[in-house]
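Values in this document were obtained by computation on a predicted structure and should not be read as measured data. Numbers for residues simply follow the sequence, beginning at 1.
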Amino acid sequence: PGRGLHVHLIQPIYSGGKITAGYQISKLQREAASHGRDRTRQEIIREFTAAYFGALLAGRFVHVAELEETAVQAHLKMARDLVDHGMALRSDLLRAKVHLSEVEARLVTAKNQRRLASANLNRIMGVDQGKAFDLVDTDETLETVALNDLDQLIREARQNRPDFLRLGTMEQSAEKGGQMARSSYLPSHNLVARYDRTDRDFMGQDGEYWTLMAVASMNLFEGLSSKA
């Protein structure tokens with residue numbers, strides 16, 4: 001049996017902009033992915049910040065509830081002393097006991113909310129939800145942005161928001177996709193080189209020949225896929 005070696009090389013010369021558009025689309029999609037990563041990073045920071053201050057706020061609610069419980073316990077002791085000395089009605093003592101029960105219930109609720117807020121913060125940080133941390137509180141006022149210049153805020157959003165930038169790059173990518181599709185209406189030109197060798201012996205040269213040619217092609221009918 002004969003043996004052969006076949007080498008076929010194609011060098012595009014002109015493709016109606018299809019190759020260039022495809023390369024530009026890949027760059028734009030990579031840029032869009034980078035903006036998406038920045039957006040995800042910002043969302044994680046926002047979620048962590050909200051959870052952190054939420055845990056701080058829950059701790060403050062517990063502190064307030066504990067102070068209220070201490071005050072109501074003192075009031076109950078005073079009411080009991082007044083009843084013992086005949087200076088108050090037993091109904092006053094009963095109202096103080098009911099008030100203390102309500103305060104104790106609010107304290108239990110506040111502690112449960114603090115526990116849930118701490119667990120949520122630990123979840124975002126990726127640590128054991130039962131692990132306790134000493135959260136650092138602050139009384140500093142955070143810098144705020146004046147809301148009286150909406151146009152300025154919109155301009156800053158267009159320049160800095162990763163999700164908006166990602167939409168912009170995806171729009172550019174879609175436009176390049178349109179250019180890539182329109183290239184099907186144009187002819188393409190390629191430089192084709194071919195080398196063939198067939199012989200009974202592996203290194204023989206009885207059937208060796210080569211071809212170099214320029215090829216132009218154009219779609220005359222392709223089921224209206226280019227238009228679609």
Answer with yes or no whether the hydrophobic clustering places [X] together with [Y]; edges join I, L, V, M, F, W, Y residues whose side-chain heavy atoms lie under 4.5 Å apart.
| X | Y | result |
| --- | --- | --- |
| F53 | L121 | yes |
| V98 | V83 | no |
| Y23 | I25 | no |
| V103 | L76 | yes |
| L116 | L135 | no |

Between [X] and [Y], is any pair of side-chain heavy atoms under 4.5 Å apart?
| X | Y | answer |
| --- | --- | --- |
| H63 | R114 | no |
| L28 | E31 | yes |
| Q73 | E69 | yes |
| F164 | Q159 | no |
| D163 | L167 | no |

Kindly give the heavy-atom pair with the smallest separation between [X] and [Y], and that separation in Å.
| X | Y | result |
| --- | --- | --- |
| A55 | A117 | CA-CB, 3.7 Å |
| S15 | S188 | CA-CB, 4.3 Å |
| A32 | T169 | CB-OG1, 3.2 Å |
| R39 | P162 | N-CB, 3.7 Å |
| L212 | A193 | CD1-CB, 4.0 Å |
| L191 | M213 | CD1-O, 3.5 Å |

Just wondering, more than 12 heavy atoms not from [X] lying within 6.0 Å of its [atom1]?
| X | atom1 | value |
| --- | --- | --- |
| F61 | CZ | no |
| H85 | NE2 | no |
| R158 | CZ | no |
| H75 | NE2 | no |

Tell me every residue that passes side chain to side chain contact (heavy atoms under 4.5 Å, CB included) with V127, counting only those two or more places apart in sequence or in another chain. N122, M125, F133

Kindly compute the distance separating [atom1] ([X]) from [atom2] ([Y]), expressed to the nearest 0.5 Å.
| X | Y | atom1 | atom2 | value |
| --- | --- | --- | --- | --- |
| E68 | L100 | CD | CG | 10.0 Å |
| D92 | R95 | CG | CZ | 4.5 Å |
| R161 | D38 | CZ | CG | 13.0 Å |
| H6 | Y195 | NE2 | OH | 11.0 Å |
| M180 | Q24 | CE | CD | 11.0 Å |
| S173 | R166 | OG | CZ | 10.5 Å |

Would you confirm whether [X], through its side chain, and [Y], through its main-chain N or O, come within 3.5 Å as a donor-acceptor pair?
| X | Y | result |
| --- | --- | --- |
| S34 | R30 | no |
| N190 | V192 | no |
| S118 | R115 | no |

Is it the case that the side chains of Q152 and R155 hold a donor-acceptor pair, with the cut-off being a distance below 3.5 Å and no angle test? yes

Where do D81 and K77 land on the salt bridge (Lys or Arg N to Asp or Glu O under 4.0 Å) test, with the steps shown first? CA-CA 6 Å; D81 292 341; K77 182 178 181 302; 3.3 Å; yes

